[in-house]
Amino acid sequence: MEEKRVKGLLLDADYEEKVNGSVIRLFVKSGGKVLIFHDPSFYPYFHVKAEDPKKAAAEISKAVFGEGSKAFRVSEAKNDLLKVEFKNVSELKDARKEIRSLPTVFAAFEYDVPFSKRYLIDKQLEPTFGIELAVEGDEIKEVKAAKVQGEEFNFAAFDIETLSPGRFSDAKRDPVLMISFVSAKGEKLLTYNGKLQGAKNVEVFESEEKTLRAFFKLLAQEKIDVLATYNGDRFDLPYIKERCKTLGIKPKFYPANESFSVKKGGRDTHVRLHGMQHLDVYQMLRFLNRFGVVNLIKFDLESVAFSLFGNEKEKIRAEEINEIWEKGEGLERLAEYCIADSSVTLKIAMQYAPLIMELSKLVKQTLFETSRSSASLLIEYLLMNKAFLEGKVVPNRPTDEETSQRIMQSFVGGYVKEPTPGLHENLAVLDFSSLHPSIMISHNISPENLNCGHRECRENVSPNNQQFCTKEEGFLSGILKNLFETRMDLKKKLKEIGKQGEGALLLNARQQALKILMNSFYGYLGYARSRWFSRECASAVTAWSRQYVKGVIDKAEKSGFNALYGDTDSAFLQIPEGKSDEDVKKFVEEINASLPGVMNLELEGFFKRGIFVTKESGEGAKKKYALIDRQNNLKIVGFEYVRRDWSNIAKETQRNVITAILEEGNPDKAVEIVRDAIKNLKGGKTPKRELVVLTILKRPLNKYDSIGPHVAAAQKAVQRGKELGTGSVISYVITKRGKSISDKAMLEEYVEEGNYDSDYYISHQVIPAVIKIMRELGYSKEDLIQGGKQSKLGAFG
DNA sequence: TAATTCGCTAGACCGA
DNA sequence: TCGGTCTAGCGAA
């Protein structure tokens with residue numbers, strides 16, 4: 001057969017079990033459709049370390065593992081290791097358990113890298129980006145990453161509604177009622193309810209079975225590459241699978257025309273399709289939340305749609321869906337609701353897909369995998385890639401025992417300066433850009449660089465006495481440097497073309513992806529389950545960070561500024577009379593001239609006023625402040641206002657007080673604001689939504705030693721039949737009835753308007769939130785509650 | 001299946 | 001009943 005060259009986008013890599021063994025399969029989007037290729041030349045393998053490799057090789061070749069599993073090939077590899085290959089994955093799994101018990105074998109490495117991930121790493125392929133292959137028929141002869149243009153993925157989202165007759169839907173009994181499907185081609189609703197005949201975008205089929213078949217067909221017709229769901233991992237797709245089983249049909253998904261397995265790993269369930277990338281937007285948002293790309297508390301689709309796009313989406317409850325279906329009234333509304341779910345799911349998917357795809361490319365894992373990864377996994381993929389390229393062995397994961405040893409010995413973190421409480425005017429905030437990464441790069445911090453012993457490297461010693469080589473670029477620091485420089489280039493380009501410029505969105509996604517990875521390195525070094533754990537490195541990073549930040553603070557004082565505060569990578573300076581903005585800029589330049597490598601101090605901005613408060617103990621409170629810049633932009637940090645476990649009434653009152661003081665310099669107005677809130681509370685006029693407190697249950701309800709209000713509220717709700725557990729968001733109100741606060745706490749949904757304990761909200765919510773601020777201006781609690789007292793002398797100098 | 005440390009504060013809990 | 005201590009959650013960086 002003739003050899004052919006193919007170019008396209010790499011959509012997926014998995015493997016199939018064939019008679020000859022496990023065979024890698026690639027899905028490539030090319031010419032508007034997905035092509036499937038196999039690579040029978042690549043075998044599952046791991047590495048083995050032996051004192052006498054020749055002897056060990058002979059022994060391994062003869063050995064039988066499990067029930068008849070054998071190595072297929074043993075060869076010499078990098079670093080005096082042996083490469084042990086197998087015909088299929090299950091033989092490898094048998095062997096990795098037993099091989100270390102062979103007398104000639106010391107250790108095994110990289111035995112837990114999944115086969116298709118191994119392939120992507122070894123071939124250095126970039127999922128969701130370009131790939132070039134030489135093929136004969138469907139057999140891969142050569143493959144490499146390449147630039148490809150003019151090809152793009154088709155995205156779609158779907159959502160199902162199911163019957164739930166007085167209980168949670170059970171896929172064994174309750175049918176799928178309708179399926180909404182939204183793609184670039186428009187919106188569709190598939191159902192078999194005749195009453196919906198002729199409704200907008202609706203296609204009616206004869207039965208549930210035919211509806212499901214039509215859905216599978218639609219995916220193929222539209223050649224969908226990325227299928228977005230909202231919680232499809234745990235609900236929609238397992239449900240469809242179970243329905244198909246009950247109805248006796250086979251789910252067939254484009255492009256492999258195969259069903260799927262539901263992978264249960266620990267607490268998580270994932271549905272991985274073959275070829276088509278299942279992007280569970282719920283999982284993706286959790287992922288993005290971890291990196292601060294989004295900041296969400298409640299993850300139901302309605303809350304998410306509201307936080308991200310501000311659109312109020314209707315929620316139809318399960319009981320109501322049931323009623324609508326059975327009575328046949330309101331079916332169109334239900335159809336619209338179902339479509340709206342898919343629609344918003346697709347919108348979120350499209351918005352963040354560029355970022356996830358850039359990350360996929362960087363860590364060389366599929367979109368499916370990347371969008372469900374943890375920070376540590378991302379870093380691990382990245383490091384494994386680099387290790388492969390440099391011919392280094394990937395360290396094994398620590399045992400549970402090692403892990404707990406590591407956890408027991410923590411290390412010292414960043415420096416936080418106690419602030420000078422009070423109201424301050426004319427401030428400048430300085431901070432180090434990418435502090436931890438820049439320290440790692442500039443001091444070449446990497447585990448194998450520790451105590452190199454070279455004479456010429458002896459100066460490179462951290463304040464906590466860790467010495468790092470300066471001759472050889474470190475493994476971790478080298479990777480970081482690369483990411484850092486690439487990101488700098490991107491940011492430069494972005495600046496040139498402007499935020500609205502062509503391609504700016506992609507460039508921004510790229511630099512954001514790099515930032516996410518860079519920021520995870522330091523954490524990974526100190527993470528107990530890390531393959532590249534190094535307390536020495538992690539503690540050296542923070543030791544240097546403390547030194548640098550304190551250095552800036554000291555020098556600022558010496559230069560005549562008042563250093564008010566600093567936290568980890570920042571310094572807050574008050575600019576005294578006689579000093580100017582220019583002096584600040586000059587100071588920053590001076591500091592930068594003294595910094596090594598890529599370290600850089602930035603002027604974050606000037607602020608006309610700022611306030612720090614005093615703790616109960618009389619010290620200045622760290623990690624709490626409010627600033628206002630010269631354009632009147634307010635920045636509130638650490639205060640109750642930014643905390644979800646405080647009521648809106650307390651938070652809003654606090655924000656209004658801060659605004660009155662910082663923006664208008666008007667503490668009298670602040671007092672009025674507080675009195676107003678108190679008056680409303682006392683009058684019973686404050687609406688329920690202003691009183692709700694949100695707290696997340698961190699453990700099962702029976703595992704609490706101390707029963708706080710949120711636990712008490714949850715317990716009462718469970719008694720009423722509500723399902724709540726670890727991870728549930730408890731929204732509660734403190735009601736009138738009960739002795740302790742916990743007694744009075746009740747889930748918001750059971751509380752009627754007006755039923756709240758006004759004393760609690762006044763003295764435990766509003767007053768505590770504002771008094772710490774007002775106290776700095778000389779006001780007392782009594783001033784806020786009673787009338788009379790006027791502006792204090794000296795509040796504004 | 002899980003990136004790190006530092007810090008604040010509430011409300012329960014417990015013993016005097 | 002009071003006051004100190006502990007549990008728990010969340011935020012900053």
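First the proteins, then the strands, lettered A, B, ... as listed; each starts at 1.
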Chemist: If I take atom CD in residue A:E380 and atom C1' in nucleotide B:dT1, what distance separates them, rounded to the nearest angstrom?
Modeler: 12 Å

Chemist: Taking C-beta and beyond as the side chain, do A:T370 and A:Y381 meet within less than 4.5 Å on heavy atoms?
Modeler: no

Chemist: Do any pairs count as a side chain to side chain donor-acceptor pair (under 3.5 Å) and have a residue in residues 511-528 of chain A, sequence neighbours left out, and if so which ones?
Modeler: A:E380-A:Y524, A:R487-A:Q511, A:N508-A:Q511

Chemist: Can you list the residues that meet the salt bridge (Lys or Arg N to Asp or Glu O under 4.0 Å) rule with A:D300, with sequence neighbours excluded?
Modeler: none

Chemist: Could you tell me whether the phosphate oxygens of B:dT5, OP1 or OP2, come under 4.0 Å of any side-chain nitrogen or oxygen in A:T542?
Modeler: no

Chemist: Between P on B:dA2 and CZ on A:F533, what's the gap in Å once rounded to a whole number?
Modeler: 16 Å

Chemist: Tell me, please, which residues at least two apart from A:E748 pass salt bridge (Lys or Arg N to Asp or Glu O under 4.0 Å).
Modeler: none

Chemist: Quick one: NE2 on A:H443 to SG on A:C537, what's the gap to the nearest 0.5 Å?
Modeler: 13.0 Å

Chemist: Look at all strands and tell whether A:G523 reaches a base, only sugar-phosphate, or nothing, counting heavy atoms closer than 4.0 Å.
Modeler: base

Chemist: Regarding A:L377, tell me which of base, sugar-phosphate or nothing describes its non-hydrogen contacts under 4.0 Å with the strands shown.
Modeler: sugar-phosphate

Chemist: Using a 4.0 Å heavy-atom cut-off, write out nucleotides 11-16 of chain B from 5' to 3' as B (base contacted by protein), S (sugar-phosphate only) or - (no contact).
Modeler: SSS---

Chemist: Using the P atom in both, what is the distance from B:dA2 to C:dA13, to the nearest Å?
Modeler: 27 Å

Chemist: To the nearest Å, how far apart are A:F612 CZ and B:dC8 P?
Modeler: 13 Å

Chemist: Students often get this wrong, so: under 4.0 angstrom with heavy atoms, is A:K417 touching a base, only sugar-phosphate, or nothing?
Modeler: nothing

Chemist: Contact class for A:V711 (heavy atom, under 4.0 Å): base, sugar-phosphate, or nothing?
Modeler: nothing

Chemist: Touch check for A:S410, heavy atoms < 4.0 angstrom, all strands: base, sugar-phosphate only, or nothing?
Modeler: sugar-phosphate

Chemist: Does anyone know the first and last nucleotide of DNA chain C in reach of chain A, 5' to 3', at under 4.0 angstrom to a heavy atom?
Modeler: C:dT7 to C:dA13

Chemist: Under 4.0 Å from any atom of DNA chain B, heavy atoms only: list the residues of residues 394-405 of chain A that qualify, in numerical order.
Modeler: none

Chemist: Rounded to the nearest angstrom, tell me the gap between atom CZ in A:R286 and atom C1' in B:dT1.
Modeler: 13 Å

Chemist: Please identify each residue that fulfils salt bridge (Lys or Arg N to Asp or Glu O under 4.0 Å) with A:K744, with sequence neighbours left out.
Modeler: A:D757

Chemist: Distance check needed: B:dA3 P versus A:F411 CZ, whole Å only.
Modeler: 14 Å

Chemist: Could you check whether A:L435 gets within reach of a base, just the sugar-phosphate, or nothing at all, counting any heavy atom under 4.0 Å?
Modeler: nothing

Chemist: Find the distance between CG (A:D759) and OH (A:Y756) and round it off to the nearest 0.5 Å.
Modeler: 10.5 Å

Chemist: Among residues 634-645 of chain A, which contact DNA chain C at a heavy-atom distance under 4.0 Å?
Modeler: A:V637, A:G638, A:V642, A:R643, A:R644, A:D645

Chemist: Under 4.0 angstrom, heavy atoms only, what part of the nucleic acid is A:H710 near: base, sugar-phosphate, or nothing?
Modeler: sugar-phosphate

Chemist: Would A:R535 pass as a cation-pi partner of A:F411, given that its NZ or CZ must be under 6.0 Å from the six-membered ring centre and within 45 degrees of the axis?
Modeler: no

Chemist: Just list the side-chain donor-acceptor pairs under 3.5 Å for residues 690-706 of chain A, sequence neighbours left out, or say none.
Modeler:
from, atom 1, to, atom 2, distance (Å)
A:R699, NH1, A:K703, O, 3.3
A:Y704, OH, A:K698, N, 3.0

Chemist: With respect to the phosphate group of B:dA3, does any side-chain polar atom (N or O) of A:S520 fall under 4.0 Å of OP1 or OP2?
Modeler: no

Chemist: What is the distance, rounded to the nearest whole Å, between atom CG of A:N289 and atom P of B:dA2?
Modeler: 17 Å

Chemist: Between atom CZ in A:R529 and atom P in B:dA3, what is the gap in whole Å?
Modeler: 11 Å

Chemist: Any heavy-atom pair between the side chains of A:D233 and A:H278 that's under 4.5 Å?
Modeler: yes

Chemist: In terms of ring plane angle, is the pair A:F468 and A:W544 parallel, tilted or perpendicular, where the classes change at 30° and 60°?
Modeler: tilted

Chemist: Can you name the residues that form a salt bridge (Lys or Arg N to Asp or Glu O under 4.0 Å) with A:R529, not counting sequence neighbours?
Modeler: A:D400

Chemist: Return a table of donor-acceptor pairs under 3.5 angstrom between the side chains of residues 433-440 of chain A and protein atoms on other chains or two or more places apart.
Modeler:
from, atom 1, to, atom 2, distance (Å)
A:S433, OG, A:N600, O, 3.2
A:S433, OG, A:N600, OD1, 3.2
A:S438, OG, A:S434, O, 3.0
A:S438, OG, A:L435, O, 2.9

Chemist: What does A:Y415 touch in the nucleic acid at a heavy-atom separation under 4.0 angstrom: a base, only the sugar-phosphate, or nothing?
Modeler: nothing

Chemist: Within a strict 4.5 Å, meaning less than it, do heavy atoms of the A:F607 and A:H424 side chains meet?
Modeler: no

Chemist: Touch check for A:R699, heavy atoms < 4.0 angstrom, all strands: base, sugar-phosphate only, or nothing?
Modeler: sugar-phosphate

Chemist: Taking ring-ring contact (aromatic ring centres under 6.0 Å, His included) as the definition, give me every residue that meets it alongside A:F521, ordered by chain and number, with sequence neighbours left out.
Modeler: none

Chemist: Provide, to the nearest angstrom, the distance between the NZ atom belonging to A:K515 and the P atom belonging to B:dA3.
Modeler: 19 Å

Chemist: With a 4.0 Å limit, can you tell me whether A:K623 has a side-chain N or O closer than that to the phosphate oxygens OP1/OP2 of B:dG7?
Modeler: no

